[in-house]
Undergrad: 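Would you mind keeping the following structure in view while I ask a few things?
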Amino acid sequence: EVAVARHLNTSELSWRPPKNAPPRLPHSKLDTFKLTLSGLEPMLAFKESNFINIGERCNVAGSSVFKKYIMADKFSEALEIAKKQITEGAQILDLNFDDGMID
């Protein structure tokens with residue numbers, strides 16, 4: 001099952017950092033990477049990294065099939081598009097739900 005995020009107002013957030021809390025600093029090993037992304041597995045790109053394959057079909061503004069599934073609340077079918085991109089070699093997925101036609 002796919003969870004759909006909703007927009008939150010900052011007043012809805014229950015946790016707040018302490019006043020005057022120092023910023024969290026990244027781990028020192030991360031300085032050697034040119035790009036660090038997080039998800040279920042870390043995606044680390046080095047200066048020597050070659051091509052990084054980005055799956056771009058999870059985009060309501062660019063994929064009419066994906067948009068059709070999202071508009072019809074067929075999230076399982078939309079998830080299958082994302083899974084197919086991963087099995088076909090995408091290392092990163094570009095998820096885009098920003099479209100003026102979606103309410």
Undergrad: What residues form a salt bridge (charged side-chain N to carboxylate O under 4.0 Å, His left out) with K74, not counting sequence neighbours?
TA: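 If we apply the salt bridge (charged side-chain N to carboxylate O under 4.0 Å, His left out) test to K74, skipping adjacent residues, there are no hits.
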
Undergrad: Over all heavy atoms of both residues, which pair between A90 and L93 is shortest? Give the atoms and the distance, please.
TA: CB-CD2, 4.2 Å

Undergrad: For F66, enumerate each residue passing the ring-ring contact (aromatic ring centres under 6.0 Å, His included) test, keeping only those at least two apart in sequence or located in another chain.
TA: F97

Undergrad: With sequence neighbours excluded, tell me which residues meet salt bridge (charged side-chain N to carboxylate O under 4.0 Å, His left out) with E77.
TA: none

Undergrad: K68: what forms a side chain to side chain contact (heavy atoms under 4.5 Å, CB included) with it, not counting sequence neighbours?
TA: none

Undergrad: Mind checking the OG-CD1 spacing from S76 to I81? Nearest 0.5 Å is all I need.
TA: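 Reported to 0.5 Å precision, the distance equals 11.5 Å.
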
Undergrad: In Å and rounded to the nearest 0.5 Å, what is the CG to CG distance from N96 to D94?
TA: 6.0 Å

Undergrad: Please tabulate, for the side chains in residues 51-60, all donor-acceptor contacts under 3.5 angstrom to protein atoms that are two or more places apart in sequence or on a different chain.
TA:
residue, atom, partner, partner atom, Å
N53, ND2, G89, O, 3.3
N59, OD1, A61, N, 2.8
N59, OD1, G62, N, 3.1

